[in-house]
Amino acid sequence: RWVLSLQCKGSRNFMSALRRAVEVDFKDKNKHKSQGLYLLTTGIPDQETHTVSAYVAEVCRGFDVQLHVSLFSVMEDVDSSGIIPARYANPAETAAAFKEIVRAANGRFHWFGEAGIFESDDITVIVSEMEKANNYSQKCAFLVESLKQRS
């Protein structure tokens, strides 16, 4: 089940959007099978990060749901209508804020832009698994080689 919440006119009122999604989708949480909320964004929320993190942690625990964030970094500081958001942060600060928020919600963070993927929790997990597999493969090759030398 998908819930759509639109924020426009330069607002990044994350708390209001999350509250709306929770009220609409989870008021009868026993009837729904939602497991995650997905935020697609281009900038930092209007509210302070520690406030959002605390609220997200409380909401996600209360509804047994995870928040996942996909941050798309744009090169311009102003949106196409020329409206400057209420709170500004550079892309690295924005990514750091969303990483903190996502950790509070036991979710996943993905950061990409026109140049490609900057960071992704899913890709990090996959790379880690590949490194483990490579490490085990090297250990097995070493063990096989040592057994060959013994015989």
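Since we're looking at a predicted model, the values are computed, not measured. The figures here come from the full heavy-atom set of this structure, side chains too, leaving out hydrogens, waters and symmetry mates.
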Grab the two heavy atoms, one from Thr94 and one from Gly43, that are nearest each other, plus how far apart they are. CG2-C, 3.7 Å
Tell me every residue that passes side chain to side chain donor-acceptor pair (under 3.5 Å) with Glu48, counting only those two or more places apart in sequence or in another chain. none
Which residues satisfy the side chain to side chain donor-acceptor pair (under 3.5 Å) test with Ser120, sequence neighbours excluded? His110
Exactly one candidate in Leu39, Leu40, Thr42 meets side-chain contact (heavy atoms from CB on, under 4.5 Å) with Ser70; the answer is Leu40
Calculate, to the nearest 0.5 Å, the distance between atoms CD1 and CD1 belonging to Ile123 and Ile117 respectively. 3.5 Å
Lys99 versus Glu119, closest heavy-atom pair with distance: CD-OE2, 3.1 Å
Determine whether Leu147 and Leu143 make a side-chain contact, defined as any pair of heavy atoms from C-beta on separated by less than 4.5 Å. yes
Heavy-atom nearest pair, Ala104 first then Ser53, reads CB-O, 3.5 Å
Look at the rings of Phe109 and Phe98 and say which category their plane angle falls in: under 30° parallel, 30 to 60° tilted, over 60° perpendicular. parallel
State the CD1-CG distance between Ile44 and Leu71, to the nearest 0.5 angstrom. 9.5 Å
Validation row: Tyr55, Arg19 side chains within 4.5 angstrom (heavy atoms): yes
Who passes side chain to side chain contact (heavy atoms under 4.5 Å, CB included) against Ala54, sequence neighbours left out? none
Could you please spell out the steps behind the side chain to side chain contact (heavy atoms under 4.5 Å, CB included) verdict for Gln47 and Asn13? CA-CA 7 Å; Gln47 298 83 12; Asn13 190 340; 2.6 Å; yes
If the condition is side chain to side chain donor-acceptor pair (under 3.5 Å), which residues does Arg61 pass it with, not counting sequence neighbours? none
What closest approach, in Å, do Trp111 and Pro91 show between heavy atoms, and which atom pair accounts for it? CZ2-O, 3.7 Å
For Glu129, give me all partners under salt bridge (charged side-chain N to carboxylate O under 4.0 Å, His left out), at least two apart in sequence or on another chain. Lys132
Salt bridge (Lys or Arg N to Asp or Glu O under 4.0 Å): which pairs involve residues 137-151, sequence neighbours left out? none
When you compare the side chain of Met15 with that of Val52, does any pair of heavy atoms fall below 4.5 Å? yes
Short side-chain to backbone donor-acceptor contact, Gln66 and Asn106, under 3.5 Å: yes
Looking at Phe112 versus Phe118, is the centre-to-centre ring distance below 6.0 Å? no
Side chains of Arg103 and Asp121 in contact at under 4.5 Å (non-hydrogen atoms): yes
